Each structure stands twice: as C-alpha cells, then as structure tokens.
Amino acid sequence: MSPEEIEAAAAANAAEAGAERDNALAEIEALKAKVAELQDQSLRAQADAQNARRRADDEIVKVRKFAVESFAESMLPVLDSLEAGLKIDNASAEQLREGTEATLRQLLSALERNKVAEVNPAAGAKFDPATQQAISIVPAPQQAPNTVVSVLQKGYTIADRVLRPALVTVTASN
C-alpha cells in the first residue's frame, strides 16, 4: 500500500471510529433520558400508591368512627319512648303494658332495619352449633338425637354473623 492509501485508510478508520463514538454517545444520552423518564414514572407511581393507601386508611377510620351511627340513629326513637313512659307518674298497669309493647315493636323494627335477626329455634328443630349453644342435654327417646328441646335464651345474628348464640337444651345422642 502506498503512503496515501495508508493515510486514507487511517483517516477512514478515524472517521469511522469517530462516527461510532458519536453514535455510542448519542445512544448513551438516549438511554440516560429513558432512565430519567422511568425514574420519574416510578416516583409518580409510588406517590400515587402512597396517596391511595392514605385515602383508604382515612376511609377505614371514617367507617369505623361512624359505623354505629345508623344503628344509634334507629335506637333514638326507642330511647324517646322509654323516657316518655317514665315521665308518666300515675300510669295504670294496662297503660304501662301498652307502652312497653309499643316500645318493643320500635326496638324490633330498629334491629330489623340494621340486619339484626333473632335466633329462636322451634322445639324439634335440628341443633345448629353455628348459631346455637347447647346448655344441657336431656334424654328424649321419642325425639331424634341432637334436636332442640327448648330455648333458654334467644340468640341474635347481624348480617349472618353470630352476635350471641341461642342457648338451648338438646336431646341426647343414641
């Protein structure tokens, strides 16, 4: 090769190396920009997640704080009736009974509106350990085993969750 060809080849190699370096630098800058963009997106996503978590926590606090509000509101007429009944000084037994029955109806209505249901199994019904608690077992050969003989105390559920099981007497297993 002649010195001009060597010089031309060296210049071409230098130009090619410069172009490759320029391409590499441009690619590095593009990658840096992409990294910065992804970091920004990541920070925004983290901030959004923290805000959502904080809003959810605030909502849970509010729900807990005011969960009983509806129930308490429905109990106020019952309270008013009881107080009104106690203000009457010379009420007859019949008036007291009528007032008590009306107040009981109000109470039952308030409980029903708040999804509180009575658990009061009939005699002869199958014993349900999910909603009933056996207090005693009696022999009753004429009845099937594990059936309710009597209810000692009613139970209650709220939205299918047991508040208090019914206390029952059941028949003995054979």
Side-chain angles (χ1 to χ4, degrees), residues 1-83 103-122 125-135 137 144-148 151-168 170 173:
M1 280 210 300
S2 69
E4 294 90 24
E5 290 176 339
I6 293 174
E7 191 177 312
N13 284 343
E16 191 177 313
E20 285 179 12
R21 189 190 75 210
D22 290 344
N23 286 342
L25 289 174
E27 189 176 333
I28 288 172
E29 289 304 316
L31 290 173
K32 283 181 181 180
K34 186 67 175 175
V35 165
E37 179 185 339
L38 291 174
Q39 285 176 331
D40 183 57
Q41 288 176 358
S42 173
L43 288 174
R44 288 177 191 272
Q46 286 175 349
D48 286 346
Q50 287 174 349
N51 289 338
R53 191 176 309 118
R54 185 181 34 78
R55 283 191 300 274
D57 289 345
D58 290 347
E59 187 65 26
I60 288 169
V61 167
K62 285 179 187 175
V63 166
R64 285 182 181 154
K65 186 176 182 181
F66 298 110
V68 75
E69 181 178 16
S70 172
F71 184 73
E73 205 172 82
S74 66
M75 295 305 292
L76 292 178
V78 177
L79 177 63
D80 293 341
S81 292
L82 289 171
E83 288 175 343
T103 303
L104 178 61
R105 285 191 300 274
Q106 282 181 319
L107 177 60
L108 292 174
S109 175
L111 291 173
E112 184 179 313
R113 277 193 311 274
N114 288 281
K115 296 181 178 44
V116 176
E118 185 178 272
V119 177
N120 190 15
K126 182 158 178 54
F127 174 70
D128 178 9
T131 60
Q132 302 163 18
Q133 182 177 347
I135 296 300
I137 299 173
N146 292 324
T147 57
V148 175
V151 177
L152 305 170
Q153 183 181 59
K154 295 181 207 175
Y156 293 90
T157 61
I158 185 166
D160 299 325
R161 185 174 181 181
V162 176
L163 287 174
R164 178 178 80 190
L167 304 180
V168 297
V170 295
S173 310

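In this chain, numbering begins with 1 at the start of the sequence shown. Only heavy atoms go into these numbers, but all of them, side chains included; no hydrogens, no water, no symmetry mates. Everything numeric in this text was worked out from a predicted model, so none of it was measured.
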A.B. asks: When rounded to the nearest 0.5 angstrom, what distance separates CD in Glu4 from CD in Glu7?
C.D. replies: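 If I round to the nearest 0.5 Å, the distance is 7.5 Å.
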
A.B. asks: What I want to find out is whether Asp40 reaches Arg44 closely enough, with some N-O distance under 4.0 Å, to be called a salt bridge.
C.D. replies: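 Salt bridge: yes.
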
A.B. asks: Does atom CD of Glu118 have more than 12 heavy-atom neighbours, drawn from other residues, nucleotides or ligands, at distances under 6.0 Å?
C.D. replies: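 Atom CD in Glu118 is crowded, with more than 12 foreign heavy atoms closer than 6.0 Å.
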
A.B. asks: Does the side-chain contact (heavy atoms from CB on, under 4.5 Å) test come out yes or no for Gln39 and Val35, once each step is laid out?
C.D. replies: CA-CA 6 Å; Gln39 285 176 331; Val35 165; 4.0 Å; yes

A.B. asks: Could you pull out the closest heavy-atom pair between Val116 and Tyr156, with the gap in Å?
C.D. replies: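 Where Val116 meets Tyr156 most closely, the heavy atoms are CG1-CD2, 4.1 Å.
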
A.B. asks: For the atom pair CG (Asn23) and CZ (Arg21), what is the distance rounded to the nearest 0.5 Å?
C.D. replies: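 It is 11.0 Å, given to the nearest 0.5 Å.
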
A.B. asks: First locate atom CD1 of Ile158, then atom CG of Leu163, and finally report the distance between them rounded to the nearest 0.5 Å.
C.D. replies: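 Atom-to-atom, Ile158:CD1 and Leu163:CG are 5.5 Å apart.
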
A.B. asks: Compare all side-chain heavy atoms of Arg53 with those of Gln50 and state whether any distance is below 4.5 angstrom.
C.D. replies: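 Of all side-chain heavy-atom pairs linking Gln50 with Arg53, at least one is under 4.5 Å.
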
A.B. asks: Could you tell me the separation between the CG atom of Asn120 and the OG1 atom of Thr131, rounded to the nearest 0.5 Å?
C.D. replies: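 Rounded to the nearest 0.5 Å, the CG-OG1 separation comes to 11.0 Å.
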
A.B. asks: Is it the case that over 12 heavy atoms from other parts of the model lie below 6.0 angstrom from the CD atom of Gln41?
C.D. replies: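 Enclosed.
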
A.B. asks: Between Leu111 and Phe71, is the side-chain contact (heavy atoms from CB on, under 4.5 Å) condition met? List the steps.
C.D. replies: CA-CA 8 Å; Leu111 291 173; Phe71 184 73; 3.8 Å; yes

A.B. asks: Would you check, one step at a time, whether the test side-chain contact (heavy atoms from CB on, under 4.5 Å) holds for Asp80 with Glu83?
C.D. replies: CA-CA 5 Å; Asp80 293 341; Glu83 288 175 343; 4.3 Å; yes

A.B. asks: May I ask you to check whether over 12 heavy atoms, not counting those of Asp22, lie within 6.0 Å of atom CG?
C.D. replies: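 Atom CG in Asp22 is crowded, with more than 12 foreign heavy atoms closer than 6.0 Å.
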
A.B. asks: Calculate, to the nearest 0.5 Å, the distance between atoms CD and CG belonging to Gln133 and Leu152 respectively.
C.D. replies: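 If we round to the nearest 0.5 Å, Gln133:CD and Leu152:CG are 10.5 Å apart.
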
A.B. asks: Does any part of the side chain of Val63, heavy atoms only, come nearer than 4.5 Å to the side chain of Glu59, both counted from C-beta?
C.D. replies: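 They are in side-chain contact.
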
A.B. asks: Taking side chain as C-beta onward, heavy atoms only, is Asp128 less than 4.5 Å from Pro121?
C.D. replies: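 With C-beta onward as the side chain, the pair stays apart.
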
A.B. asks: Search all heavy atoms of Gln106 against all heavy atoms of Pro77 and return the closest pair with its distance.
C.D. replies: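 That would be OE1-O, 3.4 Å.
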
A.B. asks: Would you please test Thr157 and Lys115 for side-chain contact (heavy atoms from CB on, under 4.5 Å) and show each step?
C.D. replies: CA-CA 8 Å; Thr157 61; Lys115 296 181 178 44; over 6 Å; no

A.B. asks: Is it true that the side chains of Ser109 and Arg113 contain a donor and an acceptor less than 3.5 Å apart?
C.D. replies: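 Side-chain D/A pair, Ser109 to Arg113: present.
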
A.B. asks: Quick one: closest heavy-atom pair of Ala134 and Val170, and the distance?
C.D. replies: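 For Ala134 and Val170, the tightest heavy-atom pair comes out as CB-CG2, 4.0 Å.
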
A.B. asks: Quick one: closest heavy-atom pair of Ala122 and Val148, and the distance?
C.D. replies: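 Closest pair (atom of Ala122, atom of Val148, distance): O-CB, 3.9 Å.
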
A.B. asks: To the nearest 0.5 Å, what is the distance between CG on Leu167 and NZ on Lys154?
C.D. replies: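 So the CG of Leu167 and the NZ of Lys154 are separated by 13.0 Å.
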
